[in-house]
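One structure below.
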Amino acid sequence: MPELPEVETIKRTLTPLLMGKKISQVNTIREDVIKHPQAKQFVQEITDRNIVNLSRRGKYLTITFADGNRLVVHLRMTGRMLYCSPLDEQKPHTHVIFGLSDGNELRFSDVRRFGCLWLLESMEEDCCTGMVKLGPEPFDEQFCPQYLADLLAKKKTTIKQALLDQRVLAGLGNIYTDEVLFRAAMHPQMICSQISLLKVQKIVIAVRAVLTEAIQHKGTTFRDYLDGMGEKGAHQLALFVYQREGELCRVCKTPIQRIKVAGRSTFFCPNCQK
DNA sequence: AGATGCACCTGTATGC
DNA sequence: TGCATACAGGTGCATC
């Protein structure tokens with residue numbers, strides 16, 4: 001579920017609610033979602049720490065404490081980070097509850113349990129989260145046509161696969177990759193090394209445009225995604241291709257097709273995307 | 001090094 | 001209705 005716009009929205013909704021608050025206690029209902037360190041030490045290191053910052057890198061959410069330690073969260077497909085009252089019903093699949101100094105709670109839940117948490121101590125090198133392997137952020141200057149063109153020139157995979165690769169670019173998942181390729185008017189099975197510089201420029205522009213709009217709409221709620229306050233996103237109403245098989249292209253009225261690319265469902269307009 | 005397939009989980013939709 | 005199967009927004013690992 002959560003790709004860059006969703007994680008960004010969670011960060012934005014949680015930031016005013018968590019900044020300056022202290023974690024007063026941690027209840028690990030399911031310890032196996034904690035990947036590092038061991039659950040007991042995880043709880044010990046977080047309890048009584050003050051939250052000083054929230055940030056996002058790709059699809060990772062990081063909560064930084066005053067002592068420099070960082071809680072890193074990846075929500076994978078169905079994970080949620082919800083700010084709740086202790087009186088709120090504890091939904092099934094709630095795995096970790098962080099008690100806050102304001103009397104409320106931050107709850108990590110995840111139906112499929114692919115999502116996970118790490119705690120990195122202030123001086124500890126990040127060798128376990130996978131964040132170090134991420135490519136540039138889409139809105140960084142580093143993500144420019146020349147960077148992408150050089151990288152794609154060496155690849156023989158499809159463009160869809162390349163854009164899904166977090167080492168190429170951080171933050172795109174299956175929904176936004178399809179939306180980006182529609183906006184760039186490119187067929188998802190186009191081979192990377194055959195893409196012109198002009199087309200690469202279109203991709204860079206499309207990535208930023210699609211993500212900007214999706215963030216403005218507070219993400220896409222197709223099924224499970226909710227922001228930090230439990231609210232759905234609205235971008236599902238603005239999608240051009242994703243999940244629209246058989247429906248008419250918003251631009252040319254051709255029926256949207258669905259194919260498999262790199263093992264993933266892929267939606268595109270056969271007329272607009274050549 | 002890079003590509004491919006599968007594993008990790010549970011819920012839901014579909015078809016027989 | 002009941003059951004089997006396919007599929008779902010993501011990543012990491014073994015294998016070639």
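At whole-Å resolution of the value, CG in A:Asp178 and P in C:dG10 are 10 Å apart. One can place CD of A:Gln161 at 7 Å from P of B:dA3, the figure rounded to the nearest angstrom. The nearest whole Å value for the distance from the CG atom in A:Asp224 to the P atom in B:dA13 is 11 Å. The distance from atom CD of A:Gln166 to atom P of C:dG10 is 8 Å, rounded to the nearest whole Å. Straight-line distance from the CG atom of A:Asp32 to the C1' atom of B:dC8: 11 Å, rounded to whole Å. The separation between A:Met77 atom CE and C:dG12 atom C1' is 14 Å, rounded to whole Å.
Within 4.0 Å of A:Tyr242, counting heavy atoms only, lie sugar-phosphate atoms of the nucleic acid but no base atom. In this structure, A:Thr158 reaches neither bases nor backbone, as no heavy-atom distance under 4.0 Å exists between it and the strands shown.
Relative to the side chain of A:Arg258, the nucleotides C:dT11, B:dC9, C:dC7 differ in distance, and C:dC7 lies closest. Listed nucleotides: C:dC7, B:dT4, B:dA3. Nearest to the side chain of A:Ser265: C:dC7. Listed candidates were B:dT4, C:dT11, B:dC9. Nearest to the side chain of A:Arg112 is B:dC9. In the set B:dA3, C:dC7, C:dG10, C:dG10 carries the atom at the smallest distance from any side-chain atom of A:Phe114. Of all nucleotides listed (B:dC9, C:dT11, B:dA3), B:dC9 comes nearest to the side chain of A:Arg113. Distances were taken from every side-chain heavy atom of A:His93 (C-beta onward) to each of C:dG10, B:dA3, B:dG11; the shortest belongs to B:dG11. The side chain of A:His74 sits closest to C:dT11 out of C:dT11, B:dA3, C:dA8.
Figure legend. B:dT10 is base-paired to C:dA8; pairs are counted as Watson-Crick or G-U wobble with both atom distances under 3.5 Å. Across the strands present, C:dT1 finds no partner; the criterion is a Watson-Crick or G-U wobble pair with both atom distances under 3.5 angstrom.
At the phosphate of C:dT11, OP1 or OP2 sits under 4.0 Å from a side-chain N or O atom of A:Lys59. The side chain of A:Lys155 places no N or O atom within less than 4.0 Å of a non-bridging phosphate oxygen (OP1 or OP2) of B:dG2. Of the side-chain N and O atoms in A:Arg264, one or more sit less than 4.0 angstrom from OP1 or OP2 of C:dG10. For B:dA3, neither phosphate oxygen OP1 nor OP2 lies less than 4.0 angstrom from any side-chain nitrogen or oxygen of A:Lys154.
In terms of modelled atom types and a separation under 3.5 Å, the side chain of A:Thr15 and the main chain of A:Leu54 share no donor-acceptor contact. Within the 3.5 Å criterion, the main-chain N or O of A:Thr220 finds no donor-acceptor partner in the side chain of A:Lys232. For A:Gln236 (side chain) and A:Gly233 (main-chain N/O), a donor-acceptor pair under 3.5 Å exists by modelled atom type. The backbone N or O of A:Val241 lies less than 3.5 Å from a partner atom in the side chain of A:Glu179, making a donor-acceptor pair.
The two residues A:Val168 and A:Leu148 come nearest to each other via the heavy atoms CG1-CD1, 3.9 Å. Here the shortest heavy-atom pairing between A:Phe268 and A:His187 reads CE1-NE2, 3.5 Å.
Nearest-nucleotide positions on DNA chain C place A:Gly263 closer to the 5' end than the other of A:Gly263 and A:Leu164.
Distance check on atom P: C:dC13 versus B:dC9 gives 15 Å, rounded to whole Å.
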